[in-house]
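Here the structure is laid out as structure tokens; the discussion comes afterwards.
Nothing fancy with the numbering, it's 1 onward along the sequence. Just follow the structure's listing: the first ligand is 1, and inside any ligand the first atom is 1.
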Amino acid sequence: MRDTWPLLESIPFPAIRRGRLETLQVNVGYRCNQSCVHCHVNAGPNRTEEMDAETVDLVLSFLERRRIGTLDITGGAPELNRHFRRLVTAARDMSVRVMDRCNLTVLEVPSQEDLAEFLAAQQVEIVASMPCYLLENVDRQRGTGVFEASIRALKRLNALGYGSDDSGLVLNLVYNPQGPSLPPSQVGLEADYKRVLGENYGVVFNNLFTLANMPIQRFGAILIAKGEFDRYLAVLRAAHRDENLAQVMCRNLISIDYRGYVYDCDFNQMLDLPLEYDGRARVHLADLLDEDIADNPVRVAGHCFGCTAGQGSSCGGALKEAAE
Ligand code: SF4
Ligand code: SF4
């Protein structure tokens with residue numbers, strides 16, 4: 001796979017400094033039951049890297065010591081990490097808001113028959129990838145049969161109360177474009193998703209998050225192979241809006257890899273750009289138990305235009321509309 005970093009690192013991007021740390025985003029490993037075309041972590045069934053028990057303990061200590069309000073768990077399919085349920089339960093016992101970046105089809109993995117009930121009992125917020133409401137588009141991007149499995153999973157979650165306004169069980173969906181273009185308006189697309197999924201399948205959900213594809217990892221390599229990398233970067237750069245800089249997720253979040261090393265965001269983690277702090281080559285979460293990194297500069301480069309183009313993208317979807 002062609003690495004996009006040599007192309008991205010020389011592209012200037014406005015300076016960003018950190019604000020108050022509110023969210024710990026933890027990648028618990030790269031194993032996944034799928035291997036999607038656009039996966040920015042190159043996850044798949046054959047990846048073996050996963051967070052161990054000791055690092056999970058450290059994550060829990062950090063949440064408690066630094067009084068972090070939100071734990072955002074990602075992967076791979078994070079639920080396949082053998083410590084996932086302990087991490088979730090212990091964080092919820094501390095009243096930490098827990099988000100699970102769920103691919104939906106993991107609910108049908110043989111060892112995960114009771115996963116939906118576990119997530120509901122712990123009141124975990126589910127953020128589920130659903131790149132389109134049309135079968136052909138989802139299956140092309142994520143694999144044959146993924147759309148129908150996703151609908152089955154959404155119906156199961158709905159049956160537990162997920163996605164209903166009054167249940168307190170939050171189910172948000174994530175959309176990303178099929179190719180090298182910006183996502184459409186989040187508000188308009190959410191209305192379309194609600195209409196089509198509701199009318200055709202009886203599925204409900206709370207919000208749709210629209211995200212631009214990042215020109216890194218598998219998607220970046222495809223862009224290079226097709227000769228589309230420069231054009232996509234030009235699209236992102238032309239659509240950059242300074243007002244999105246105030247809300248990019250690296251201001252209030254740190255991203256932790258499965259070994260416990262710290263990055264400014266998940267994308268920097270995938271580019272192997274560790275957090276720069278206190279002159280250390282790599283910062284481990286254990287190093288930050290008693291440190292406040294507010295005002296620390298963020299490592300930015302060309303890929304950051306993926307966060308600031310158009311309506312903007314963050315782990316909570318569009319920035320502009322999210323702020324309105
Ligand atoms: S489901 Fe998510 S983590 Fe798994 S391969 Fe697809 S994009 Fe990557
Ligand atoms: S890619 Fe990461 S570092 Fe760059 S703006 Fe987005 S969140 Fe911040």
Side-chain angles (χ1 to χ4, degrees), residues 4-5 8-9 11-19 23 25 27-47 49-50 72-81 100-109 127-131 138-143 146-147 149-150 153 174-176 211-220 236-237 240-242 244-255 258 262-276 296-309 312-316 319:
T4 56
W5 178 241
L8 295 167
E9 69 173 328
I11 299 174
F13 188 84
I16 300 176
R17 285 187 178 270
R18 300 192 139 274
T23 299
Q25 188 174 64
N27 190 318
V28 294
Y30 301 149
R31 190 148 58 99
C32 188
N33 55 310
Q34 294 181 192
S35 34
C36 306
V37 175
H38 290 185
C39 183
H40 71 264
V41 299
N42 295 327
N46 299 325
R47 299 296 295 262
E49 306 89 333
E50 72 169 358
D72 183 346
I73 312 176
T74 181
E79 306 86 351
L80 298 181
N81 179 302
D100 174 31
R101 306 255 157 197
C102 178
N103 69 15
L104 294 175
T105 59
V106 73
L107 296 183
E108 298 199 336
V109 167
V127 183
S129 357
M130 191 72 179
V138 173
D139 282 9
R140 190 182 327 125
Q141 190 180 117
R142 301 178 80 83
V146 167
F147 182 80
S150 301
V174 176
Y175 162 89
N176 57 289
L211 305 180
N213 289 312
M214 275 286 161
I216 62 174
Q217 294 286 47
R218 201 175 286 162
F219 182 66
L236 295 178
R237 292 180 78 170
H240 166 80
R241 295 162 62 145
D242 266 345
N244 287 333
L245 288 168
Q247 294 171 68
V248 286
M249 60 185 172
C250 50
R251 288 196 182 272
N252 307 104
L253 163 154
I254 51 173
S255 168
Y258 71 95
V262 184
Y263 306 79
D264 286 305
C265 72
D266 196 30
F267 306 120
N268 282 10
Q269 181 181 149
M270 296 316 137
L271 286 165
D272 195 24
L273 296 180
L275 177 91
E276 278 183 346
N296 200 60
V298 172
R299 292 187 76 175
V300 292
H303 60 296
C304 296
F305 287 105
C307 291
T308 58
S313 295
S314 78
C315 45
L319 299 175

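With a 4.5 Å cut-off on side-chain heavy atoms, Thr4 and Phe219 do not count as touching. Put simply, the side chain of Leu271 does not reach to within 4.5 Å of the side chain of Glu9, judged on heavy atoms. At a threshold of 4.5 Å between non-hydrogen side-chain atoms, the residues Arg18 and Val298 count as touching. Here the side chains of Tyr263 and Asp272 are in contact, with some heavy-atom distance below 4.5 Å. Using a 4.5 Å heavy-atom threshold, the side chains of Phe13 and Leu245 count as touching.
Residue Met249 has at least one heavy-atom neighbour below 4.0 Å for each of these atoms of ligand 2: 7 (S). Counting atoms of ligand 1 from 1 in the listed order, those under 4.0 Å from a heavy atom of Ala43 are 3 (S), 5 (S), 8 (Fe). Less than 4.0 angstrom separates some heavy atom of Val298 from each of these atoms of ligand 2: 3 (S). Against a heavy-atom cut-off of under 4.0 Å, Cys307 is close to the following atoms of ligand 2: 1 (S), 5 (S), 6 (Fe), 7 (S). When each atom of ligand 2 is checked for a heavy atom of Phe267 under 4.0 Å away, the hits are 1 (S). Close approach of ligand 2 to His303 (heavy-atom distance below 4.0 Å) involves ligand atoms 1 (S). Proximity to Gly76 (heavy-atom distance under 4.0 Å) selects the following atoms of ligand 1: 3 (S). The distance from ligand 1 to the heavy atoms of Cys32 drops below 4.0 Å at these ligand atoms: 1 (S), 3 (S), 4 (Fe), 5 (S).
Neither the backbone nor the side chain of Asp266 comes within contact range of ligand 2; no heavy atom lies under 4.0 Å. Residue Ser35 touches ligand 1 through its backbone alone, judged by heavy-atom distances below 4.0 Å.
To the nearest 0.5 Å, the span separating CG on Asp100 from CD on Glu79 amounts to 4.0 Å. Once rounded to the nearest 0.5 Å, the distance linking CD of Gln247 with SG of Cys307 reads 12.0 Å.
Residue contacts to atom 4 (Fe) of ligand 2: Cys304 brings an N, O or S atom closer than 2.8 Å. Atom 8 (Fe) of ligand 2 lies at 2.8 Å or more from every N, O or S atom belonging to Cys265.
For the side chain to side chain contact (heavy atoms under 4.5 Å, CB included) test with Val248, the passing option among Ile16, Leu253, Asp264 is Ile16; the others fail. Ser255 pairs in a side chain to side chain contact (heavy atoms under 4.5 Å, CB included) with only one of the listed residues (Met270, Gln269, Met249), which is Gln269.
No heavy atom of Val300 sits closer than 4.0 Å to any atom of ligand 2.
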